[in-house]
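Heavy atoms only: backbone and side chains are in, while hydrogens, waters and symmetry mates are out.
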Amino acid sequence: MMAQQVVFDEVGGPEVLRIEKVEHGEPGPGEVLLRVDALGLNRAEALFRAGGYYYQPTLPGSRLGYEASGEVLAVGEGVTGFSVGDPVLTAGTGEMSASGVYGDHLRLAADGLLHRPGGTDAVTGAAVWLSYSTAYGALVEQGGLRPGDTVLITAASSSVGIAAIQIANHIGAIPVAVTRSSAKRERLAQLGAAHVIALDEGGLLEQVAEFTGGRGAEIVFDPVSGPGLAEVARAVTPGGLLIVYGWLDPRPAPLPLNWSLRILGYGNLQVAGVPEVRHRIWHFLDAGLRAGTLAPVIDRTFDLEEIVEAHRHLESNSQIGKIVVTVRH
């Protein structure tokens with residue numbers, strides 16, 4: 001049976017992406033054949049495509065993508081825990097060049113799959129795992145977020161930022177959202193931010209001091225890094241924690257000359273890839289989705305044939321929430 005998959009032959013902008021037809025074959029021992037119904041787009045994939053990720057693509061013909069949602073069509077020998085017809089999602093644990101998930105059918109190892117939590121549909125399933133496992137893994141598993149803590153969330157309109165807002169509220173912490181533009185203020189407040197800091201309206205530290213009574217935040221959750229990290233670090237209360245989980249600004253990142261804080265560089269695959277942690281994340285998500293305290297926000301959907309345009313939208317920084325690509329069959 002022929003399948004479609006998205007590949008690229010050189011690093012560059014969205015225009016390097018193309019769709020090719022391949023023979024996917026039947027699942028081998030320990031493998032599952034998945035019909036993909038929706039794909040969740042992540043900033044990591046744009047960085048990988050452009051050559052700016054922490055590992056480089058294998059070219060030509062590199063695949064792309066971490067996050068897919070769909071239905072099991074067949075299972076190989078020795079597979080337990082999954083049956084034909086099961087709604088599932090990918091756990092984002094593979095190396096993208098070899099096992100990227102952008103396509104309409106996938107043959108992949110069963111240990112890279114999860115049952116969809118919370119009874120979610122395919123589109124929601126494509127939007128939930130990486131964003132929420134990143135926020136939960138960093139804030140709860142490694143950050144020890146507690147009720148009453150103030151957590152400052154930069155790039156708050158991203159899918160991970162929104163997940164962090166919801167998780168903080170679910171736990172009883174106080175989420176403070178940071179956005180570059182006041183245009184996103186109202187929406188972030190609607191999504192549960194206790195306070196919104198718009199950087200076009202004033203300095204970060206002055207606004208943090210106002211919202212925390214001069215104390216600062218117990219946790220700062222930042223995917224940007226770069227030269228601005230020194231100021232972000234000063235928003236942490238003495239003895240608090242700065243979590244850096246990305247490098248949207250790849251320039252060197254200085255720290256304050258006089259600082260009293262803990263710093264954590266967070267890598268989601270190294271945390272959520274541990275089976276017992278993944279088990280806890282899944283049950284946390286399942287409970288939150290069923291209760292309605294966790295609810296992925298879908299910014300916009302595209303068709304698989306529009307993958308180039310979807311990546312352009314991803315890089316526009318205009319979105320609030322997750323960009324999802326749907327697959328027609």
Side-chain angles (χ1 to χ4, degrees), residues 43 130-180 184 188-189 191-199 203-249 253-256 258-272 274 277 280-281 284-285 288 293-294 297:
R43 182 69 61 172
L130 285 184
S131 297
Y132 284 81
S133 65
T134 298
Y136 172 88
L139 295 175
V140 180
E141 288 285 333
Q142 296 204 326
L145 182 66
R146 300 168 299 181
D149 284 350
T150 295
V151 55
L152 186 74
I153 303 161
T154 64
S157 60
S158 69
S159 58
V160 177
I162 292 169
I165 290 171
Q166 294 178 1
I167 289 169
N169 280 322
H170 182 81
I171 287 172
I174 303 165
V176 177
V178 180
T179 181
R180 290 182 299 175
K184 294 182 178 180
L188 287 169
L191 291 170
H195 307 285
V196 179
I197 293 175
L199 296 179
L204 173 69
L205 298 179
E206 293 79 7
Q207 295 185 72
V208 171
E210 177 185 350
F211 293 138
T212 64
R215 186 185 71 256
E218 279 74 25
I219 297 180
V220 172
F221 188 48
D222 177 68
V224 181
S225 193
L229 191 65
E231 183 177 34
V232 170
R234 290 170 60 199
V236 182
T237 194
L241 178 64
L242 169 63
I243 302 174
V244 181
Y245 70 96
W247 57 95
L248 295 178
D249 188 336
L255 290 169
N258 183 26
W259 48 284
S260 174
L261 74 159
R262 295 168 294 138
I263 301 173
L264 170 67
Y266 179 80
N268 192 51
L269 298 182
Q270 286 71 47
V271 176
V274 177
V277 177
R280 290 195 293 270
I281 294 170
F284 182 87
L285 291 179
T293 54
L294 305 181
V297 173

Pairs touching residues 137-165 that satisfy ring-ring contact (aromatic ring centres under 6.0 Å, His included), sequence neighbours left out: none
Taking every non-hydrogen atom, the tightest pair across T134 and Y266: O-CE2, 3.7 Å
Does R215 CZ have over 12 foreign heavy atoms under 6.0 Å away? yes
S158 (side chain) donor-acceptor with G161 (main chain) under 3.5 angstrom: yes
Where do S157 and K184 land on the side chain to side chain donor-acceptor pair (under 3.5 Å) test, with the steps shown first? CA-CA 8 Å; S157 60; K184 294 182 178 180; 3.1 Å; yes
Looking at OG1 of T154 and CG of L152, how far apart are the two atoms once the value is rounded to the nearest 0.5 Å? 7.0 Å
Separation between CG (L241) and CD (E218), nearest 0.5 Å, reads 10.5 Å
How close do S133 and N268 get, counting heavy atoms only, and between which atoms? OG-ND2, 3.1 Å
Going by the ring-ring contact (aromatic ring centres under 6.0 Å, His included) test, which pairs reach into residues 150-172, not counting sequence neighbours? H170-F284
How long is the straight-line distance from CG of L139 back to CG of L264, given to the nearest 0.5 Å? 10.0 Å
Roughly how far, to the nearest 0.5 Å, is CG of L199 from CZ of R180? 9.0 Å
CD1 on I162 to CG on L294, rounded to 0.5 Å: 12.5 Å
Do R280 and V277 have side chains that get closer than 4.5 Å, going by heavy atoms? yes
For residues 223-243, which residue pairs qualify under ring-ring contact (aromatic ring centres under 6.0 Å, His included), counting only residues two or more places apart or in two chains? none
Starting at CG of D222, measure out to CD1 of I153 and round the result to the nearest 0.5 Å. 11.5 Å
Taking atom CZ of R234 as the centre, report whether more than 12 heavy atoms of other residues, nucleotides or ligands fall under 6.0 Å from it. no
